[in-house]
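Notes follow once the structure below has been shown.
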Amino acid sequence: MSKTPERKAQDTSTFEIREVGNVKSVQKFIVFATGLPSCVSGQMVEFANGIKGLVIGFGEEEVQILVLGSASELRAGDEVYNKGKFLSLPVGENFLGRVVNSLCEPQDSKGDIVPKEHYPVFRIAPGVMDRIPVKETLETGTLSIDATLPIAKGQRQLLIGDRLTGKTTVAIDAIINQKGKNVICIYCCIGKTYSNLLKILETLGEKNALEYTVVVSGVASTTPGEQYLAPYAACMLGEYFMYNGKDVFVIFDDLTRHAWIYRQICLLLGRAPGREAYPGDIFYIHSQLMERGGYLKPELGGGSMTFFPIVEIQQGDVTGYISTNVISMTDGQLYFSTPLFNKGFRPAIDLGLSVSRIGSKAQWPAMKAFSRTLRLEYLQYKELVQMTQLRATGLSKEAEASLKRGEAITQLLIQDKNKPVPMEEEIMYLYALSLGVLDELSAPDIQKFKKDFLQKVQQWDSSLITVMRESQELTDATIERLRRSLQRYFEKE
Ligand code: ATP
Ligand code: MG
């Protein structure tokens, strides 16, 4: 140990060591150290063997340090250096297409990453005056979201649901759908298994989505310190792009596990447990993260950061501590339902329990026009289905028409995984629905229509898609062109 300080002094010639303290005791991944009187919370320290630590609290006579690496080699009496620096990590364009851990060190076999600069991990969120209202839509490629629960760039939308209800799939589909749309994506994995992460990497690779994505891995096999840090590191990587005027989309998968890790850390620190044994500041831990998303004003580059935090619940109960906290700090939630998932209605988003509070302000006018009544029609249909289960005969004409319309909507909303649909195509479906031509079709015919129609339109009227994307609204001329294509499709049928 004695030769370490000299070696360190050479290694870190650009740093000034302000204080040298000593490890008093080590408890799993927490170190209690003495002799660092000028430390502040959120600051970085370094141990003699080069491992970093984060100051997360203070006792009467000691500093509490969360070890960001393996604590197994640390012993009482080891030296710990305070360099007077807040935790900052490398960022830059070179992180695109890479898998990194929470310290931004590469985890794939693609070699070192040359950073552009260093950013603070715990940056203060932009203030109200630095932001502007949302104005652009983030296309998720999932019809039920884009039509009825639209997401805007800069919005924070919670994905909440039981285990295995397709939460990650919807989020990953949104990443796949950003191809060619100039949006930087960040997937942050917290406390999930390594095999979960591998599957996601495989999907992203297959769809060529990795090139505009950074994956931050805080999988269950990493240390608690790294898992705790993962969402902040992901947010920091996103901030680099946001402050450089880019649109960023970040997924935190998932915050329940992040809360569990923080609970573990705090119990080891001896902090008083509160509701569900979580520490008192768990709300702050998540809200300081959520606040960092938003849409910056043009003077600050005009970038945006959209968040999709994921929260796992049990038996559909949204009243848990973490879920109610995160619901209150986001701009809406997508509720994933197990019964719907088991019935084959996938993505299993319950339109009755989901909301998007700000997204509709930024929705494409064309989408807005056709989706206005969709959610209501669908919810009324669900009610009607329940009623008709009791009394199946003697339905009025209106009720029969509503049932048919509802079935057509259901078929439109069902979507296979990893096959996001472009917005123009979604608008075409909804236009066909509004004309009523889908009401008489059987479920397989509607699925066939969804599979074939876009191809046919490209064949018959190749510029229509481009016109729709550029104008984002449907003029009389475009509607006429669309109507002609539909007529031709159904005549052929
Ligand atoms: P976890 O709780 O493990 O995080 P989750 O809610 O994120 O689960 P996913 O992992 O996204 O759920 O999906 C669960 C399973 O359902 C996966 O095997 C996935 O392939 C399948 N699945 C999800 N969405 C669809 C879909 N739209 N169509 C068909 N299969 C789907
Ligand atoms: Mg998941």
Side-chain angles (χ1 to χ4, degrees), residues 140-149 157-177 185-207 209 213 215-221 227 230-231 234 249-261 307-318 320 322-323 326 333-351 353-354 409-422 425-426 429 443-444 446-447 450-451:
T140 62
T142 302
L143 178 66
S144 48
I145 302 179
D146 288 339
T148 60
L149 303 154
Q157 182 80 1
L158 169 66
L159 276 62
I160 189 166
D162 283 5
R163 280 202 60 228
L164 294 176
T165 45
K167 305 179 293 297
T168 307
T169 306
V170 164
I172 293 296
D173 285 359
I175 290 193
I176 296 172
N177 197 46
C185 300
I186 298 180
Y187 176 75
C188 174
C189 177
I190 313 157
K192 293 274 173 184
T193 60
Y194 187 58
S195 67
N196 270 346
L197 179 64
L198 281 185
K199 256 190 227 154
I200 286 162
L201 286 175
E202 200 180 310
T203 313
L204 292 177
E206 263 169 30
K207 301 282 178 186
T213 305
V215 176
V216 180
S217 151
V219 288
S221 54
Q227 290 178 51
F249 170 54
V250 191
I251 299 169
F252 302 107
D253 193 3
D254 64 55
L255 287 189
T256 316
R257 271 152 231 267
H258 186 248
W260 290 351
I261 283 293
F307 285 161
F308 265 25
I310 298 180
V311 163
E312 185 185 304
I313 50 175
Q314 270 153 15
Q315 311 227 307
D317 177 20
V318 286
I322 301 303
S323 38
V326 186
Q333 76 268 353
L334 302 176
Y335 179 85
F336 289 75
S337 142
T338 311
L340 287 180
F341 189 85
N342 292 342
K343 270 188 218 155
F345 182 79
R346 301 176 190 178
I349 300 172
D350 186 327
L351 299 188
L353 291 174
S354 306
I409 297 176
T410 311
Q411 288 309 317
L412 284 188
L413 296 184
I414 290 179
Q415 207 172 319
D416 209 0
K417 62 176 175 175
N418 307 139
K419 289 198 183 119
V421 180
E425 200 178 331
E426 293 175 346
Y429 297 164
I446 296 183
Q447 293 305 337
K450 279 166 65 177
K451 216 166 114 223

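In each ligand, atom 1 is the first atom listed, and ligand 1 is the first ligand listed. Note that the structure is a prediction, hence the values are computed from the model and not measured.
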| task | Kindly say whether the aromatic ring centers of Phe307 and Phe252 come within a distance under 6.0 Å. | result |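 Under 6.0 Å, so yes.
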| query | Got a salt bridge between Asp254 and Lys192, using NZ or NE/NH1/NH2 to carboxylate O under 4.0 Å? | reply |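 Salt bridge flag = yes for Lys192 with Asp254.
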Can you check whether [X] reaches [Y] side chain to side chain, under 4.5 Å on heavy atoms?
X: Ile190; Y: Pro231; result: yes
X: Ile313; Y: Val318; result: yes
X: Leu340; Y: Ile349; result: no

| query | Can you find a side-chain donor-acceptor pair between Thr338 and Asp162 that sits under 3.5 Å? | reply |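 Judged by distance alone, the side chains do pair up.
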| said: Checking Thr168 against Asp253: is there a side-chain donor and acceptor pair closer than 3.5 Å? | reply: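 The answer is yes; a qualifying pair exists.
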| request: Could you name all protein N, O or S atoms found under 2.8 Å from the Mg ion (ligand 2)? | output: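 Near the Mg ion (ligand 2), below 2.8 Å, one finds Thr168 OG1.
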| field | Closest non-hydrogen atom pair, Ile176 against Ala209 | value |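 Heavy atoms of Ile176 and Ala209 come nearest at CA-CB, 4.4 Å.
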| What's the shortest heavy-atom distance between Asp146 and Gly141, and which atoms? |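 Looking at all heavy atoms of both residues, the closest pair is OD2-N, 3.0 Å.
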| field | Every residue of the protein that comes under 4.0 Å of ligand 1, judged on heavy atoms | value |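 Only Arg163, Leu164, Thr165, Gly166, Lys167, Thr168, Thr169, Lys192, Glu312, Phe341, Arg346, Pro347, Gln415, Asp416, Lys417 have heavy atoms that fall under 4.0 Å of ligand 1, ordered by chain and number.
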